[in-house]
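A short write-up of the structure that comes next.
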Amino acid sequence: MEKNIFIDHYLDLSGLACPVNFVKCCLVLENLSSNQVLKVDLDIGEAETSVIDGLQEKGYKVKILNKDSKTVTLIISSE
C-alpha cells in the first residue's frame, strides 16, 4: 500500500442504507479528475459489498485501507 496517499475528497457514509451510499460515491467520483482519490467510510456488510462491487463494475480501482468489526475505509480511484 502506498505510504503517502493524497485524499481529494472524503465521504463518511456510515449508517446509510443501500443504494444511497453507492449513489453518493458515484456522484462524487463523476466530479473528480482521473488522478484524484476518494476516501469513503462504510458499514461492514451489504453497504461494503454493494459499493465495492458496483464501483469495480464501473471501472474504478477500490482498495481497502482499513477494516474493523463495524466499518471499512476504502480508497477509490480511476483505473
Side-chain angles (χ1 to χ4, degrees):
M1 176 74 51
E2 300 90 44
K3 290 184 180 183
N4 296 318
I5 301 172
F6 182 78
I7 306 302
D8 297 291
H9 199 80
Y10 168 71
L11 290 176
D12 182 359
L13 301 178
S14 305
L16 282 183
C18 296
V20 174
N21 42 30
F22 175 72
V23 172
K24 285 187 177 265
C25 285
C26 288
L27 290 172
V28 170
L29 289 165
E30 287 174 4
N31 292 310
L32 293 182
S33 300
S34 61
N35 61 341
Q36 292 184 309
V37 174
L38 171 63
K39 179 180 173 184
V40 179
D41 287 333
L42 296 167
D43 295 329
I44 294 292
E46 184 182 0
E48 172 190 13
T49 55
S50 68
V51 169
I52 291 173
D53 293 347
L55 291 177
Q56 287 176 336
E57 285 177 23
K58 287 177 130 317
Y60 291 101
K61 186 176 179 182
V62 181
K63 292 183 182 180
I64 295 175
L65 183 64
N66 189 31
K67 188 173 183 176
D68 61 31
S69 62
K70 294 182 182 181
T71 61
V72 61
T73 301
L74 305 177
I75 298 294
I76 306 160
S77 60
S78 297
E79 286 192 310

Legend entry - Co-membership, hydrophobic cluster, residues V23 and Y10, 4.5 Å side-chain: no

Inset, instruction - Mind checking the CG-CG spacing from L32 to L27? Nearest 0.5 Å is all I need. - result: 11.0 Å

Inset, instruction - Considering non-hydrogen atoms only, spot the tightest contact between V72 and I44 and give its length. - result: CB-CD1, 3.8 Å

Inset, instruction - Compare all side-chain heavy atoms of I64 with those of L74 and state whether any distance is below 4.5 angstrom. - result: yes

Inset, instruction - Answer yes if L65 and I7 sit in the same cluster of Ile, Leu, Val, Met, Phe, Trp and Tyr residues linked by side chain heavy atoms under 4.5 Å apart, and no otherwise. - result: yes

Inset, instruction - Of all the heavy-atom pairs spanning V51 and C25, show the shortest one and how long it is. - result: CG1-SG, 4.1 Å

Inset, instruction - Compare every heavy atom of E48 with every heavy atom of L42, then report the nearest pair and how far apart it is. - result: CD1-CA, 4.2 Å

Legend entry - Over all atoms of both residues, closest heavy-atom pair of S50 and A47: OG-O, 3.3 Å

Inset, instruction - Find out whether L13 and V20 are in side-chain contact, i.e. whether some heavy atom of one side chain is under 4.5 Å from a heavy atom of the other. - result: no

Inset, instruction - State, with a plain yes or no, whether a side-chain heavy atom of Y60 is found less than 4.5 Å away from one of S78. - result: yes

Legend entry - Gap between atom CG of D12 and atom OG1 of T73 - 0.5 Å precision: 9.0 Å

Inset, instruction - Could you go through the side chain to side chain contact (heavy atoms under 4.5 Å, CB included) check for I76 and L55 one step at a time? - result: CA-CA 8 Å; I76 306 160; L55 291 177; 3.5 Å; yes

Legend entry - Point-to-point distance, once rounded to the nearest 0.5 Å, from CD1 of I52 to CZ of F22: 12.0 Å

Inset, instruction - Give, for atom CG of D41 and atom NZ of K70, the distance between the pair rounded to the nearest 0.5 Å. - result: 14.0 Å

Inset, instruction - Find the distance between CG (L29) and CG (L38) and round it off to the nearest 0.5 Å. - result: 5.0 Å

Inset, instruction - Looking only at non-hydrogen atoms, find the nearest pair between Q36 and D8 and report the distance. - result: CA-OD2, 2.9 Å

